[in-house]
Structure formats: structure tokens, C-alpha cells
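The analysis underlying the following values was restricted to heavy atoms, covering all of them including side chains, and did not include hydrogens, waters or symmetry mates.
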Amino acid sequence: MDVGELLNYQPDRGAKRLRDDDDDGDDLRSKKVGRDLARRLERDDGEDQSSDRKRILEKLMDDDEDADDQEGEPVDENSVKKMILTFEKRSYKNQELRIKFPDTPGRFMETELDLNDIIQEMHVIATMPDLYHLLVELNAVHSLLGLLSHENTDIAIAVVDLLQELTDIDTLHESEEGAEVLIDSLLEGQVVALLVQNMERLDEQVKEEADGVYNTLAIIENMAEFRPGLCTEAAQQGLMQWLLKRIKAKIPFDANKLYCSEILAILLQNNDSTRELLGELDGIDVLLQQLSVFKRHNPATAEEQEMMENLFDALCSCLMLAANRDRFLRGEGLQLMNLMLREKKMSRTSALKVLDHGMIGPEGSDDCHKFVDILGLRTIFPLFMKTPKKMRKAGTVDKEHEEHVCSIIASCLRNLKAQQRTRLLSKFTENDCEKVDRLMELHFKYLEAVQLADKRIEGEKHDMVKRGEILDDVMEDEFYLRRLDAGLFVLQLLCYIMVEISNSGISQLQQRVHQILNLRGGSVKVVRHIMREYAENIGDGKSEDFKESEQKRIMDLLENF
């Protein structure tokens, strides 16, 4: 065996988690713990290394025999304690020799291999989450976190792999108590900050280190899924900044960029603190820059399409915060979304959703006025008149498309003032009020769907009463969700638009609405009932005063309908 074979030899460490872009089981990541040391040994010409190499070779050749012996040993609490003790000893020995002989890799190479081997053996602990408390009690978690900054990145990557298995979400749910203890200890040790520092020094051009980044993101995802509340803390420990930096890096698309977009969307979901942080880090501009690529080009692969959707979801989450809407407006986000709608590419569906999030509520007033100024009405009303076939091919159901379009028009009616509002209302009078005809067509379509759902629900309620069953809150919530799925919210938006244009002072519009209602056997009472239900369920907009004033405004509109 020559020196190259010696330094590249690696004992079998068992199966590892595959990355999503791996095509077969043979493409497992191969770690070479001696890689960094080998490079240093080659530069160390002043020392005789033959004895070191001979000793290491003998050790490596015995690894497989040792592994076979260990497979036969039962794994229990005592064996785990022994394993952790061995790990601590080897970690301390390696640290001691590295300090003592910092410029002589041959002196500590063997301890580095020993340390790597015991880390691999500790993967067996991931099969016994009820023993996770031993990792904490024996201070092993603290030691593992310390190794994330080890000079040899292969050791740090080995620790990342171990933590990824220990925090696997399915494993965590096997023992809630053990999982809580482990997660508490990791968070106490600032695990996210250490993971981010380690990722910053990894070179993703090297496959092993790119896999290390991927598994690091998996650890964060696992912990966030098990304990959603840690997203704020994780983002503030440098993760948000690293994710934005990685997403905008000018390197070819890969699995890590996709994973970064997914983690970013998770961090921003239902969390105003992380949304605010992203805005302060100029994250809105980063998202818009990355999405601008898809203005005139469709994603090349399904994975790239998934990344695009993740970035759109992240942007929608950010726009739930009023301060970010200002940043979105200044960053010309409205212009970009409007161009996407006109270009008719795959991004059009998500651009529609972003516009809906940006213009809804009183905080969207500036966006609504700007949308009219950039001739957005010319873009949105053709989509209101007909759902494009390309959207259906892309998998977007009619209801989703019509909901976003109606919500945008409703937001404009709610927020526009003066000349911009006049321009919007004039759209409904064009071509003999064809847009009013389309509005009423959609109204009856969704009214029928909701009424059919209500009949089925009433039938089920009647059967439950006959059986003597009690309707609880959970069942009532389920029934309400089924009404929403039938299109209740779209129906409410359509009724809101009807009431608004009927109160516009343009008699032509009011007459057309009532004329079609009479011709189709509709009823003003039904519309009023739907709007009252809409008013009762309206959100508070983070202010109870807003909820009350909005309810009063809607009821005043109904008085004149």
C-alpha cells in the first residue's frame, strides 16, 4: 500500500442520510479525516514520518475487525456511558497533542482518527432517544459543540452528521422527554451560532464540505419543526444573515441553495421578529433580486421551481409586516410583480399571491395607489375576466387564482382615494359593464358551491343529532373549513366588491348589479347575510379599534345596498 492509499483509507461507517439530489444509494458522502493532516504532512520535510505512517496503517487495518467485535455487543445504558467516556478521553487527548505539537501533524494524526472513529460509533445513540439525557449529564453535548470549531473541518463535519441523526424529527418524537433535554442543552450551548460559524469556513466546492452544509441545515430544520419557537433565536444568531448571503451568492443552483430557501421560508412563517430582522438586513431586496431571474425565464428544473416558490412564500410572509411593505414599495417590488403577470411565465401565479399580500388591509394603501400608477389595472382585470389556461396547466386551481384577483380588486376598492379610485370604478363601466357581468357570474358560481356544501353539512348535523352525538368546537371548526374550501371566502370578496361598486355613486353600476340579481333569482338579503358573516369574522389587524371601525364601515355600506 502506497502513501496515497494509506492517507485516503477510510473504514466503513455505515449508511448516511442521502441528499435530495443524490440519484442512488452508492453516492454516499465519503469522509477523509486525514485529508487536512495529509496536506500538512507533505509540507513537513524536517521530520521522519515513516514510523507515524506505519503505526497509523496498523491501526486502520484493524478498524474493520474492531467494528465487527462492537456489532456483537449489546447497546444499553452502561455501554453508552462507556462510549461517551471514551469520546471524552479521545477528544481531550487530541486537543492536548494539538496544543503541544501544533506544527507537527504526525504527532496528533492518530488521535484524530481515533476521535473520528468514536464519533462514528456514537451514531448508535440516535437509535435510543430515551438515553439522550446521558449525553447531557455526562457533558458530551458541550464537548460535541466544542468540536464544531475543530481545526480539522472533517472532524467538525463528523459532529454535524452525528447531530443531524440525533435530531432527526422521527427520532425526537419517539421520546419527547429525551428530545426536550437534548434540544435544551443544544440551545443553551448556542448551537445555531456555532453551526453558522462552521458553515462560513466550509468550501462548498468540496463535496464533503457541501454535504456538511446540507446536514447543518437539516439540524436546524429538525429543531425548528420540533420546537417552532426557536426560529427567532436561531435567526438572531447569524443564521438569517448567512442564509441571505448564501441565497444571493453567484454560484450555480444546487441542493444547498434549495434547502436555504426552504429554511428561510420556515424562519419567516408566523414570526414578526424574523420578518423584521430580514427587512433590516435588506432581505427584501435580496428576495426581489433572486426572483427577478424568473421574470422572463421559467425554472429549469423541478428543484429550481421549488426554490422559486420558497422565495415567493418568504416574500409573502415578510409582507405581513407593515414596515416591509414600505421596503417592498421602495425596492420596486410592485413593478416586478406586475411585469411577471404580463410576461405570462410560471412565476405569474406566485406574483399574484405576492400582490395580494402587499395590498391587503389599511397598510397596503400606498401599494394600492402605486399599483394604479404603474397601470396595474390593465394587468389585473384581464385576469379577472378569465383564468389563463397556462395557470391551469401549472396546477393552479381556478379558486386560488380567482381568490387572489378578487382580493386585489377588493383591496383597491378599500384603499384607493380620489383619482385612482375613479379610474378603478371606470373599469367596471367599460364595454357595457362586462366586468360587472363577470362579477355576478362568479358570485352565482360560488354561491351555488357554498350552498351545496351547507346542505351536506346540515344533513350530517341532522344525522348526528339523531344518533345523540354532541356537536363540539372541533366539529364546528371542521364544518367551517369545509365551507371555506367550497369557496366561502371568494364569495365574501365578490359580495364586498358588489356592495362597494353599488355604493360608488355610479347609478349605472348599481342598476346592473340589481338587474342581474333579479334575472338570476338572486336576493339582496342573501348578499347582506354573507357580508354580515364576513364582518363578524374579519381580522383585528393587530388592533381591536381597526376591527370595530371596519365592521361599522361594512355595515354602513350594507344600509345603502
From L147 atom CG to I155 atom CD1, the distance as rounded to the nearest 0.5 Å:
7.0 Å
Sub-6.0 Å ring centroid separation between Y259 and Y214:
yes
How about S143 and Y92: do any of their side-chain heavy atoms sit closer than 4.5 Å?
no
Crowding at CD, E177 (>12 non-hydrogen neighbours, <6.0 Å)
no
Measuring from S175:OG to H133:NE2, what's the distance to the nearest 0.5 Å?
8.5 Å
Taking the side chain as everything from C-beta on, heavy atoms only, tell me whether T153 gets closer than 4.5 Å to D203.
no
H123 and D161, any side-chain heavy atoms less than 4.5 Å apart:
yes
Should E112 and R98 count as an ion pair when the cut-off is N to O under 4.0 Å?
yes
Return yes if some donor-acceptor pair links the side-chain N/O of N324 with the main-chain N/O of R275 below 3.5 Å, else return no.
yes
Using side-chain heavy atoms (C-beta onward) and a distance below 4.5 Å, is L258 in contact with N310?
yes
With a 6.0 Å cut-off (strictly less than), is the heavy-atom count around CD of Q241, excluding the residue itself, greater than 12?
no
Flag yes if more than 12 heavy atoms outside K370 fall under 6.0 Å of its NZ atom; otherwise flag no.
no
Nearest 0.5 Å please: distance from the CD atom of E77 over to the CG atom of L131.
6.0 Å
Are any of the side-chain nitrogens in K207 or D211 under 4.0 Å away from the carboxylate oxygens of its partner?
yes
The criterion is ring pair (Phe, Tyr, Trp, His ring centres under 6.0 Å); which residues satisfy it with H173, sequence neighbours excluded?
F226
For D367 and L334, the nearest pair of non-hydrogen atoms, with its separation, is O-CD1, 3.4 Å
With a 3.5 Å cut-off and sequence neighbours excluded, list the donor-acceptor pairs that the side chains of residues 182-197 form with protein atoms.
{"unit_1": "D184", "atom_1": "OD1", "unit_2": "R227", "atom_2": "NH1", "d": "2.7"}
{"unit_1": "D184", "atom_1": "OD1", "unit_2": "R227", "atom_2": "NH2", "d": "3.0"}

So, does N256 use its side chain to make a donor-acceptor pair with the main chain of A210 at under 3.5 Å?
yes
Side chains of L135 and I125: does their closest heavy-atom pair fall under 4.5 Å?
yes
Using modelled atom types only, decide if a donor and an acceptor are shared between the side chain of D313 and the backbone of A265 within a distance under 3.5 Å.
no
Backbone N/O of E88 and side chain of S91: donor-acceptor pair under 3.5 Å
no
Which atom names give the shortest non-hydrogen contact between L311 and S261, and what distance separates them?
CD2-CB, 3.9 Å
Is the shortest side-chain heavy-atom distance between F294 and E304 below 4.5 Å?
yes
Sidechain-backbone polar pair: R327 side chain, D285 backbone, donor-acceptor under 3.5 Å
no
Taking the side chain as everything from C-beta on, heavy atoms only, tell me whether L341 gets closer than 4.5 Å to L355.
yes
CG (D356) and CG (L319) are apart, to the nearest 0.5 Å, by 10.5 Å
How many angstroms lie between CE in M307 and CD in E262, if you round to the nearest 0.5 Å?
12.5 Å
Side-chain touch L97/K93, heavy atoms, less than 4.5 angstrom
yes
